[in-house]
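Notes for the one structure printed next.
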Amino acid sequence: MLLPKFDYNAPATLDESCQMMASYGDRAKLLAGGTDLLIALKKKTLTPTQVVALDRIDEIKGFCSDQDGLFLGSRTTAAEIAESDLGPAGRVLSQAAAQVGSPLIRNLATIGGNLATAMPAADMAPPLLALQASVVLQRVGDQREVLLSDFFISPGEQVMLPEEIMSMIVLPRLPEGCGGAFEKLGVRKALERSIVSVAAVISMADDGHTIQGARIALGAVAPTPMLALDAAAGLSGKKATAKNFAAAGKIAAQEANPRGLRTSAVYSRLMVEQLTIRALTRAYEATKL
Amino acid sequence: MPKKQFDVLNTRAPRVDAAIKATGKAQYADDLNRSGQLYGAILQSPVAHALIKNIDTSRAERLPGVKAVITAKDVGLTKYGVSPARYDETLFAHDKVRYIGDEIAAVAAVDLDTAQAALDLIKVEYEELPIVLTADEALAEDAPQLHDDYPGNISAEVHQEFGDTAAAFKECDFIHTHKLVNKRQDGGFIEPHACIAEYDHANRLTLHTSTQVSHYVQRTVAMMTGIPIGRVRIVRPCVGGGFGPKCEATPLELSACFLAIKTGCPVKIVYSREQVFLHSRARHQFYHEMTTGFKKDGTIMALAHKCTLDGGAYSSFGIATVYYAGSLLGAPYRLPNMKYDGIRVYTNKPACGAQRGHGGVAARACFEQQLDIIAEELKIDPIELRNMNMMETGDTTCNALNMSSLGMKESLEAVKKGSNWKKKKGKLPAGKGIGAACGFFVSGAGYPIYRSDTFHSTAEIKVAEDGGTIILRSGIAEIGQGANTMVAMIAAEALGIPLADVRVDSGDTDYSVDLGAYSSRQTLMSGHATKDAAENIKAQILAVVADKFGMEVKNLDIKKGFIKVKGRKKLDFAKFREYYHKEHRGWSGMPEGDELSFTEAARLAFLEKGTIVGTGKYKPPILGGKFKGAAVGTSPAYGGSAQVVEVTVDRETGKITVDAMTDAHDCGLAINKTMVEGQMQGSLSMGLGEALFEEVKFDEKGKLLTSSIGEYRLATALDMPNIDTIVIESNEPNGPFGAKEVGEGAIMPTIPAILNAVYDATGVRITELPLTPERVLLALKKGAEAGKTA
Ligand SMILES: Cc1cc2nc3c(=O)[nH]c(=O)nc-3n(C[C@H](O)[C@H](O)[C@H](O)COP(=O)(O)OP(=O)(O)OC[C@H]3O[C@@H](n4cnc5c(N)ncnc54)[C@H](O)[C@@H]3O)c2cc1C
């Protein structure tokens, strides 16, 4: 398979790249790590005449934090996220990033690309959903912030306009006593698309036993990464016990909407239940750290 | 038996190609370029079964940059394949396509973009036919037929009985029937097939190609093109793995040859990964059903075995595969009565062929589980049951395979000890399990693929005229397994010189006849031919030395690069050394000391006789039974292996983790211990992949779904546990220096050992591969409902 012909653009600033995207419109595609895009180009499922590379734009690399939260550049790689200490809440994201593909893939794959591709099994989506993240979308003369829970539409589709560039992912500061965990089930131990993935984030009341709030997000079991809202709501005010976690697992399994493509829907739901229990259990452990 | 002392063999010498591979200088077929070369591309059918109504290539031919378009009209309808008894392919489909991927035309153009654009301009009109995708569908009464010549979609059928199974079953105390189905597997080698063909004005064709079998490719190319075989030269560059699917002439190679002939330009063609899957010729899907009978004391009495192979659209190696699936159960256990009914069917999918452990892997996986089932029934330790029934050196199987050496008991003992079996079997915590299995494999097919008295391997050694080195020329296939190192070590040992003084040039049909890298044959067969050639050289050189210095040859020997003298008489070579020094005035590193060096002796031989060349040859003696199909399974020697695997089964997700593998393999003399271990490790990883992950999938229209190694899941480094490899060295009388196979036999026990360990962990037998989490979990749930779970 050969790459189709296209012009390669390498703007040095975000402004410049926005200008380019504005003038090229849907004839252009942004290139971050290329681990999704190059496959689509080779398979000719995407046929842009312009490719706009983001790798020279330093403004959208790396991360910083302040009182309001954590700001992750969209061009930050999975390897960087996996190896960085993003604080107690960000750990769930690091865990997910560490399970993307293989070392070679993680060195290239970016968080922005992972979200923009909008695959149901994107591993960094569930933790970000559970962390109430939003994304900052940039275009000439305009910028908007979209909650990640409003971002995905269907497999491969999200709300971005052709001329928009995702510059940043914003994670609001979480209350003290929060913990999170990510669980991924694949057939192999590496280079594996998730059969099911679950991220859970919980915050505890001062007593250390009562759950103040929980967020549970599921990957690969619906047309888009999704929040298991009922399962999470059911935990609020409850004690962090195996029984309550098991009940949450059952509800999450019902909330999931697997299409039965790679594994049967029955199995997917069973795994949502199991992985939810495991993620909650580990998230609770993490609150004690 | 006291072990022989070797100077070169039985060491961990670095591979002779280590440096070029480590530094990236090794050249593979796609690295080769010729000035003025064209790029080829092949048009493949988008439908699984259809009549071809018309092929219009005119628009493609008119595309600027296109130099040739060929179809069946240009290349003819000569049938070819692997076994002459089953030539059922033409290079290009002309009346009918039989799978998505069937070749229809090929194009040569100035670049690959143009060649591929030209493919889109070829118009083919199809009249689609109903398709068969499974063995059951193929065998159904009104099934659509793939080949007029093979009614009922039956590509090959085998019915054999050794002993009297019906009578034996009557004497049995326990009879058990077990089934197993595996999935179509892919070789998963790193380097996709690639080749470059050149044709000159003297009607000579040279093909550089990524193949395991230069010799068979040469014959097929000669047959298909009509060019006399002496003018067809096949050269194998470095090859990035084969595992079986590179064991036959491919449409890629034949297309490149025809395009080179037509254009007069060099033509390169490379398969994409998807085309590798479409060409396939890898492991079949096997449906096994085995009924085994035992005495109360654990004696195996009889096996009745039925097997159906889903073969895909053409025969490829299939006729041998269907025989191997039966014959390889004849050993390593004493099995006096064996009945086998095998059938290979055509389906509208890429053709299956040979892959590591040819024909025997799924059969072994089924049979070794049965042994565990019976052992449990009889309350005998599974290793003990195997030991009780194990053959010994000198035994002959009911299907006439002779175990001229067999280190099976030693292998079994070694893995029992190495895995700490006694402490673990039956004593592991819930969710953990341990399992054992054995296997064995041929050390080279006893007969060539076409009927012939040909030597299976010949070799030529030329001594460099300056005397310092030898050049070994051989047709062997170095495909990454270390064949060049193996022959270099054998030549060095047999001649008595350091390994560094041997240079190997191999894989060229101009050098010698060698049937290639399949059926684990090269160490034994090419090793023999090499040894023969080296001994010939040694005799020639010692004859000159003896003559020159008035000695008897029988009192002379060569060791570590020096001439050794037995008896009291001294070699008076002072004059010759003086001459030699004069001949090399101004040179450094001249021979000193009181022994005549090989370099001086070889120089002397050149001065007396001209260039010294020696040849060697090998073909197996007449072996095995006389019954129909006896040729498949017959070998001069057999390698054996035993394995213990430990697993953890996550009972909530069904996910299996292989925690440890202990493997012992009897390879006769280990020519190179590191390379033996490499083959063991590679076999285990391929077996683990087949057991847990691998499956080539198609949609309901016969379209390949797993067209990349992202979709097709090979075991990754993280999935492999550390492996304890234990090399068992028997002394094989039919092998060169006592050596035999390790390349394929080592894969045999892996799958059943994993299956037996999963049973040990869960109490549930799973009869379908691969053991994906979903399949395992559903089996556990079923088991729990039946009240079986441990
Ligand atoms: C072998 C392999 C294994 C993989 N394993 C996993 C896995 O385990 N888990 C997983 O989740 N994924 C996996 N992937 C998918 C892929 O690596 C990830 O989705 C990755 O995060 C994509 O990021 P990228 O930077 O490579 O994106 P690219 O390929 O560069 O881009 C992907 C898409 O996003 C768009 N895009 C990129 N950046 C931006 C931006 N800043 N603003 C707007 N649009 C943008 C591009 O235009 C393109 O359409 C795997 C891929 C491969 C090839």
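Below, chain A is the first sequence line, B the second, and so on; all start at residue 1. This is a predicted model, so every value here is computed, not measured.
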Output the distance between atom [atom1] ([X]) and atom [atom2] ([Y]), rounded to the nearest 0.5 Å.
X	Y	atom1	atom2	answer
Lys189(A)	Thr716(B)	NZ	OG1	8.0 Å
Glu192(A)	Asp719(B)	CD	CG	8.5 Å
Leu191(A)	Leu718(B)	CG	CG	9.0 Å

Contact class of Arg278(A) relative to chain B, heavy atoms under 4.5 angstrom: side chain
Chain B contact via Leu270(A) - which portion, at a heavy-atom distance below 4.5 Å: side chain
Pair Lys43(A) + Glu274(B), salt bridge at N-O below 4.0 Å: no
Side chain to side chain contact (heavy atoms under 4.5 Å, CB included) assessment of Lys5(A) paired with Asp113(B): CA-CA 10 Å; Lys5(A) 298 237 177 320; Asp113(B) 276 326; 2.9 Å; yes
Got a sec: does the [atom1] of [X] have more than 12 other heavy atoms crowding it under 6.0 Å?
X	atom1	answer
Lys243(A)	NZ	no
Lys183(B)	NZ	yes
Asn722(B)	CG	no

At a heavy-atom separation under 4.5 Å, does [X] approach chain A through its side chain, its backbone, both, or neither?
X	result
Asp650(B)	side chain
Thr657(B)	side chain
Leu112(B)	both

Heavy-atom pair with the smallest gap, counting every atom of [X] and [Y]:
X	Y	answer
Lys655(B)	Arg188(A)	NZ-O, 3.3 Å
Arg262(A)	Glu711(B)	NH1-OE1, 3.5 Å
Pro773(B)	Gly186(A)	CG-O, 4.2 Å
Ser264(A)	Glu774(B)	OG-OE2, 2.5 Å
Leu692(B)	Val187(A)	O-CG1, 4.1 Å

Side-chain heavy-atom pair Leu777(B), Met271(A) within 4.5 angstrom cut-off: yes
Main-chain N/O of Thr653(B) paired to Tyr267(A) side chain as donor or acceptor, under 3.5 Å: yes
